[in-house]
Structures are given as C-alpha cells and as structure tokens.
Amino acid sequence: IEAAARMNEVLDGRGTLARLGGDEFAVLLMLQRQDIAFHAEVFETIILEISRPFSLRQGEITAYIGCSIGIASGTDHHCPPEELLRRADVALYQAKAKGRGCYVVYHAEIETAQRERERLVDELRTELCEIAAASLSGNDMEASYRPALEVHFQTIHQAGDESKVSGAEALVRWRHPRLGLLSPDRVIPLGESTGVIDKL
C-alpha cells in the first residue's frame, strides 16, 4: 500500500498506476513526445522513492525494498496492449539481471539475447542430464561418452617465487558445439541463476 502511494505521488496525475499482482505494478504514461529519455526522471524517481526505508507498525519495523523497471513504448499503433506488456516484462527481466535498482528500455536485441540465454540454459540442463546418465550406467565414461563440460586447472603461484606452484584452482569450461569453448564466466552464472549450480 505504501509503495503504491509513493509511486502515485511521483506520477502526480501524469499517468495511471495498476497493480498486476504480487509485487508487480504497471505504469501507463501517455507520451506527448516519443522520446522515452524525456520521461527518465519519472522512472529514476520511482526507483529512488521505493528504495527509501518503509516504517511499519508505528516505527517498530523498518523495511527496505528495491525495484526494477522494464519499459516498452507503444509508438507502433499496431502493437496490442498484451504485446506491450510482454515487451515491458522482457525489459524488466533484463533490469533484474543487471542487478536491480535500474530501468531498461525494451529493444529487439534484448529479446534475441534472452532467447540465446534460454537456449544455453536448456542445453546446459541436457548436458548435465547426459553426464549423470553416463556416470550411472557403470560403463567407462571415456569410452562411451565424452562430456562437453571440462575441468581445467589454473595453477596458483606464491608471490615472490612465481616458479613454485602452491596450488590450483579448478575451473569448469564448456566445449559447446556451436559456440566453442565457453569460459567459467559464461557457464557459472547460467548455473547459479537457474538452480543447476549444485548439479554442475
């Protein structure tokens, strides 16, 4: 209720606020200009207002929340409202992926990147299932199946004596059939964000 009140105060009659469900809201702004950046201060102010502490139960509890905003523009008169909301949702997902507390404006490249990420996630899940099935079969894994996930060891050297190896860091790399050898900075975030990190 308090979050909605703060957003309505920011809008100050310039737009319509609607609760979509749970903690999701939609704001409809009628743009006199087609430049979304012209209205950037509305989005930035909403983010700032929501990030301020909420005093609840007469000050007994202080709650801190944040928000992310996905923006889609209906400049195309043939774009139905459902498609506009879907595009805003795609941009919202990107804003959350950036670390929250920001807004992202929808453009087609975001969707292309998201589809590629979803495809990679599906392929990673499939690969993990194939590795699990091969290891359970009892056969020599090397003879029957070569996993695309590989462990590479990066040596750790003591400062001052770089020639002496003091340990090694195990890093997973994915020998992807389409994209080549993917480094841990591509593989690990996929596992962490989709709940397959333990299996990985």
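For this chain, numbers begin at 1 and follow the sequence in order.
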Return the CH2 to CG distance between Trp174 and Leu190, rounded to the nearest 0.5 Å. 6.5 Å
Could you tell me if the side chain of Leu179 sits less than 4.5 Å from the side chain of Arg186, heavy atoms only? yes
Would Arg117 and Tyr93 count as a side-chain contact (heavy atoms from CB on, under 4.5 Å) if you check the C-alpha gap in whole Å, the side-chain angles of each, and the deciding distance to 0.1 Å? CA-CA 12 Å; Arg117 183 186 179 283; Tyr93 180 86; 3.0 Å; yes
Evaluation steps, side-chain contact (heavy atoms from CB on, under 4.5 Å), between Glu169 and Phe153: CA-CA 6 Å; Glu169 182 179 11; Phe153 292 95; over 6 Å; no
Quick one: pull up CZ in Arg146 and CG in Leu149 and give me the separation to the nearest 0.5 Å. 12.0 Å
Kindly compute the distance separating CG (Leu200) from CD1 (Ile131), expressed to the nearest 0.5 Å. 8.5 Å
Ion pair check, Glu24 and Arg19, cut-off under 4.0 Å: no
Interatomic spacing from NZ in Lys96 to OG in Ser193 - rounded to 0.5 Å: 13.5 Å
Grab the two heavy atoms, one from Cys129 and one from Lys199, that are nearest each other, plus how far apart they are. SG-NZ, 4.5 Å
Evaluate whether atom CZ of Arg57 has more than 12 neighbouring non-hydrogen atoms of other residues, nucleotides or ligands under 6.0 angstrom away. no
Transitively linked via ILVMFWY side-chain contacts under 4.5 Å: Leu84 with Phe25? no
Heavy atoms, side chains only, cut-off 4.5 Å: are Ile71 and Phe43 in contact? yes
Given side chains that start at C-beta, do those of Cys79 and Arg87 come closer than 4.5 Å, heavy atoms only? yes
Taking all atoms of both residues into account, what is the closest heavy-atom pair of Ala95 and Cys102, and its distance? O-SG, 3.6 Å
Taking NZ, NE, NH1 and NH2 as the nitrogens, is one of them in Arg178 or Glu116 under 4.0 Å from a carboxylate oxygen of the other? yes
Is there a path of hydrophobic side-chain contacts, each under 4.5 Å between heavy atoms, that joins Ile47 and Leu92? no
Determine yes or no for a side-chain-to-main-chain donor-acceptor pair under 3.5 angstrom, with Arg14 supplying the side chain and Leu11 the backbone. yes
Assess, by modelled atom type and distance only, whether the side chains of Gln94 and Tyr106 contain a donor and an acceptor separated by less than 3.5 Å. no
Hey, are the side chains of Leu28 and Leu17 touching, using non-hydrogen atoms and a 4.5 Å cut-off? no
When rounded to the nearest 0.5 Å, the distance separating CG of Asp89 from CG of Leu85 is 8.0 Å
Asp185 atom CG, over 12 foreign heavy atoms within 6.0 Å: yes
Shared hydrophobic cluster, Val10 / Tyr103 (ILVMFWY, side-chain heavy atoms < 4.5 Å): yes
How close do Ala88 and Ala72 get, counting heavy atoms only, and between which atoms? N-CB, 3.6 Å
Check whether any side-chain heavy atom of Val187 lies under 4.5 Å from a side-chain heavy atom of Glu192, and answer yes or no. no
Taking atom types as modelled and ignoring hydrogens, do the side chains of Gln154 and His152 form a donor-acceptor contact shorter than 3.5 angstrom? no
Any Glu49 side-chain heavy atom under 4.5 Å of Met7 side chain: no
Tell me if a side-chain donor or acceptor on Arg115 pairs with a main-chain N or O of Glu118 at a distance below 3.5 Å. no
Donor-acceptor pair, side chain of Ser166 and main chain of Ile156, under 3.5 angstrom: yes
Are Leu48 and Leu29 in one and the same hydrophobic cluster, where Ile, Leu, Val, Met, Phe, Trp and Tyr link if side-chain heavy atoms are under 4.5 Å apart? no
On a heavy-atom basis, which atom in Val172 and which in Pro184 lie closest, and how many Å separate them? O-CG, 3.3 Å
With distance as the sole test, does Arg125 use its side chain to make a donor-acceptor pair with the main-chain N or O of Thr194 at under 3.5 Å? yes
Close side-chain approach of Glu150 to Leu181, heavy-atom, < 4.5 Å: yes
Can you check side-chain contact (heavy atoms from CB on, under 4.5 Å) on Val90 and Val104, steps first, answer last? CA-CA 9 Å; Val90 168; Val104 169; over 6 Å; no
Check the hydrophobic clustering (I, L, V, M, F, W, Y; side-chain heavy atoms under 4.5 Å; chains of links allowed) and say if Leu182 and Ile188 are grouped together. yes
Within 45° of the ring axis of Phe54 and under 6.0 Å from its six-membered ring centre, is that where the NZ or CZ of Arg6 lies? yes
Given side-chain contact (heavy atoms from CB on, under 4.5 Å), test Leu56 with Thr62 step by step and report yes or no. CA-CA 6 Å; Leu56 307 174; Thr62 302; over 6 Å; no
Leu120 side chain near Glu123 side chain, heavy-atom distance below 4.5 Å: yes
Measuring from Glu60:CD to Ser55:OG, what's the distance to the nearest 0.5 Å? 9.5 Å
